Protein chains: 2
Amino acid sequence: MAEIPAEPQSGRGRTRIQKAKRQAILEAALDVFSQDGFRGATLDRIATAAGLSKPNLLYYFPSKEAIYAELLTGLLSTWLDPLRAIDPEGEPLDEMLAYVRRKLDLSRDFPRESRLFANEILRGAPNLGDLLSGDLRALVDQTAAVLRGWIAEGRLAPVDPKHTIFSIWALTQHYADFDVQICAVLGGDDPFDGAATHLETVFTRLLAPR
Amino acid sequence: MAEIPAEPQSGRGRTRIQKAKRQAILEAALDVFSQDGFRGATLDRIATAAGLSKPNLLYYFPSKEAIYAELLTGLLSTWLDPLRAIDPEGEPLDEMLAYVRRKLDLSRDFPRESRLFANEILRGAPNLGDLLSGDLRALVDQTAAVLRGWIAEGRLAPVDPKHTIFSIWALTQHYADFDVQICAVLGGDDPFDGAATHLETVFTRLLAPR
DNA sequence: CGTGTCTTTGACCGATTGGTCAAATGAATG
DNA sequence: CATTCATTTGACCAATCGGTCAAAGACACG
């Protein structure tokens with residue numbers, strides 16, 4: 001009666017084990033995609049990294065693009081949450097410094113996600129373009145308006161709001177995306193301790209009203 | 001007598017035409033590599049982009065890696081020149097702002113080179129690792145010492161010198177590497193005008209002695 | 001035990017990968 | 001014109017690519 005053959009990924013994975021295996025695949029795929037990008041990644045390497053055979057991997061996901069897409073969509077919301085968490089009613093400088101902190105924590109705790117995102121953008125964002133000029137743009141516009149209000153009230157030093165947001169993105173993500181370069185220059189130390197205090201200095205001097 | 005079969009790339013390309021074709025190949029390769037990284041790029045796409053057949057391309061370059069390597073080595077020197085151009089005898093803030101300017105100009109004029117570099121770093125810098133922990137590290141150490149001296153003299157606000165250099169890299173390269181995202185958020189305007197004045201504000205407030 | 005479902009895999013497919021090679025062109029020089 | 005060298009190309013190669021499929025294995029439940 002049921003024409004649907006197997007489709008463990010339809011609806012939601014029933015078994016917890018299925019969910020776990022799908023998660024393992026996504027984990028492995030994140031490793032591979034974040035290093036070599038979509039085109040550079042191969043199903044064989046993802047399957048091997050996940051401890052599966054290639055046909056078995058394709059039993060849980062219909063295609064390479066499906067894995068990539070699921071990684072990307074799952075990523076963007078997480079990536080923008082810290083921006084949404086800025087409280088227009090809060091103390092401006094504190095809010096901004098807290099945002100920087102959260103964003104830097106993301107770079108420290110999820111560097112592969114950051115690199116995956118960077119790879120997608122470097123390719124021209126073929127799978128993310130709509131979201132960028134849609135949701136993201138709207139969210140930035142909205143946040144920029146908050147910043148402008150704070151500046152008008154004299155509670156934040158005058159800056160270009162959007163470029164300031166870009167600066168936060170650039171400075172925090174840099175520690176995830178260019179981690180190899182930074183470690184090569186700095187040596188063995190953990191870069192993130194120094195980064196946290198440095199970024200606090202940067203944005204305090206940039207944003208604190210005089 | 002001469003066992004060397006053809007090797008147009010040995011020594012230096014004799015004919016100007018050879019040089020031109022090699023250059024055209026490097027140009028096309030820069031397009032492809034900077035978008036999809038080393039693994040994601042294909043010789044066919046490079047050859048097509050250069051207006052050559054694949055065997056003809058391999059007549060001028062021995063392998064895919066050779067093209068990539070030549071691009072990378074040619075890049076790194078150009079990429080670090082602005083850093084070397086910092087004059088320890090100059091006015092500290094002016095020197096730093098000028099460095100930011102030069103670096104931002106590089107992002108504007110050579111975005112593909114910036115993206116190529118970013119792609120290589122994202123992969124873990126397998127072809128650049130030695131240079132990073134060698135020449136680059138030495139150059140950064142040296143520049144950091146200059147900054148420390150300026151800070152000690154009170155001619156520059158106290159900052160972490162190396163993280164400050166990282167910040168300059170992050171903020172300037174961001175406008176090349178994430179250009180798609182920035183344009184999606186900003187709309188049609190040229191981001192670099194706003195970027196230049198914004199970055200001047202950032203580093204003036206960060207570095208100007210009080 | 002048997003039976004039906006879920007999972008895994010080896011074999012395989014056509015297309016594409018980086019790269020080779022011999023032969024066919026082109027151009028220059030005697 | 002003949003010769004020589006530089007250039008280009010079509011055919012081809014083994015390996016790998018993303019993906020399919022039928023059959024085997026694992027597992028539940030009666």
Side-chain angles (χ1 to χ4, degrees), chain A residues 1-26 28-29 32-33 35-71 123 126-127, chain B residues 1-26 28-29 32-33 35-71 123 126-127:
Chain A
M1 204 57 146
E3 284 189 352
I4 303 148
E7 283 203 32
Q9 69 278 12
S10 73
R12 50 194 147 71
R14 294 196 227 182
T15 322
R16 303 289 168 264
I17 301 176
Q18 277 190 5
K19 278 233 157 188
K21 288 224 168 173
R22 276 177 60 90
Q23 203 57 37
I25 292 173
L26 289 174
V32 178
F33 280 131
Q35 272 197 26
D36 290 331
F38 178 76
R39 290 216 44 163
T42 73
L43 286 183
D44 286 279
R45 285 192 20 238
I46 296 174
T48 301
L52 271 64
S53 66
K54 188 169 58 172
N56 197 13
L57 182 150
L58 287 165
Y59 172 72
Y60 289 98
F61 284 90
S63 71
K64 180 184 178 183
E65 298 192 9
I67 306 177
Y68 187 72
E70 184 148 331
L71 278 177
R123 296 201 331 133
N127 295 311
Chain B
M1 206 52 147
E3 285 190 350
I4 303 148
E7 284 202 33
Q9 69 278 12
S10 72
R12 49 196 147 71
R14 293 194 227 183
T15 321
R16 304 289 170 263
I17 301 176
Q18 278 190 3
K19 278 233 158 189
K21 288 225 167 174
R22 278 177 58 89
Q23 203 58 38
I25 292 174
L26 289 174
V32 179
F33 280 131
Q35 272 199 25
D36 290 332
F38 177 75
R39 291 217 44 165
T42 72
L43 287 182
D44 287 278
R45 287 195 16 238
I46 296 174
T48 300
L52 273 63
S53 64
K54 188 170 59 173
N56 196 12
L57 182 150
L58 286 164
Y59 171 73
Y60 289 98
F61 285 90
S63 70
K64 180 184 179 183
E65 299 193 8
I67 306 176
Y68 187 71
E70 184 147 331
L71 278 177
R123 297 203 329 135
N127 295 310

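Side chains included, hydrogens not; waters and symmetry mates left out as well; all remaining heavy atoms used. Order of the sequence lines fixes the chain letters, A, B, ..., with proteins taken first and strands second; residue numbering starts at 1 for each chain. Nothing here was measured: the structure is a model prediction, and the numbers come from that model.
- The list of salt bridge (charged side-chain N to carboxylate O under 4.0 Å, His left out) pairs with a residue in residues 59-71 of chain B, not counting sequence neighbours, reads R22(B)-E70(B).
- The shortest distance between the side-chain N/O atoms of N56(A) and the OP1/OP2 oxygens of dT7(C) is not below 4.0 Å.
- Between L43(A) and I67(A), the shortest heavy-atom distance links the atoms CD2-CD1, 4.3 Å.
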Identify all side-chain donor-acceptor contacts of residues 46-57 of chain B below 3.5 Å with residues at least two apart in sequence or on another chain.
unit_1, atom_1, unit_2, atom_2, d
T48(B), OG1, D44(B), O, 2.9
S53(B), OG, N56(B), N, 3.4

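- The line from CZ of R45(A) to CD of Q35(A) is 7.0 Å long, rounded to the nearest 0.5 Å.
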Check nucleotides 24-26 of chain C for protein N or O atoms closer than 3.5 Å to its own N or O atoms and list the pairs.
none

Review point. Hey, mind stepping through F38(A) and D36(B) against side chain to side chain contact (heavy atoms under 4.5 Å, CB included) and telling me if it holds?
Key: CA-CA 8 Å; F38(A) 178 76; D36(B) 290 332; over 6 Å; no

Under 3.5 Å, N/O pairs linking protein and nucleotides 14-18 of chain C:
unit_1, atom_1, unit_2, atom_2, d
dT17(C), OP2, D44(B), OD2, 3.4
dG18(C), OP1, A41(B), O, 3.1
dG18(C), OP1, L43(B), N, 3.3
dG18(C), OP1, K64(B), NZ, 3.1
dG18(C), OP2, L43(B), N, 2.9
dG18(C), N7, K54(B), NZ, 2.9

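- Listed pair S53(B) / dT8(D) fails the phosphate criterion, with no side-chain N or O lying under 4.0 Å from OP1 or OP2.
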Exercise for review: Please assess T42(B) against V32(B) for the test side chain to side chain contact (heavy atoms under 4.5 Å, CB included), listing each intermediate value before the final yes or no.
Suggested key: CA-CA 8 Å; T42(B) 72; V32(B) 179; 5.8 Å; no

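- A perpendicular orientation is assigned to the rings of Y68(A) and F33(A), their planes being inclined by more than 60° (bins at 30° and 60°).
- Q18(B) has no side-chain polar atom (N or O) that falls below the 4.0 Å cut-off from OP1 or OP2 of dA6(D).
- In this structure, the CZ atom of F61(A) is 14 Å from the P atom of dT7(C), given to the nearest Å.
- Between R22(B) atom CZ and dT7(D) atom P there is a gap of 12 Å when expressed in whole angstrom units.
- Separation of atoms CD (Q18(B)) and OH (Y59(B)) is listed at 6.0 Å; rounding is to 0.5 Å.
- Not one side-chain nitrogen or oxygen of Y59(A) sits closer than 4.0 Å to the OP1 or OP2 atom of dT8(C).
- Distance CD1 (I46(A)) to C1' (dG19(D)): 14 Å, rounded to an integer number of Å.
- I67(A) places its CD1 atom 10 Å from the P atom of dG18(D), with the value rounded to the nearest Å.
- Partners of R123(A) by side chain to side chain donor-acceptor pair (under 3.5 Å), not counting sequence neighbours: none found.
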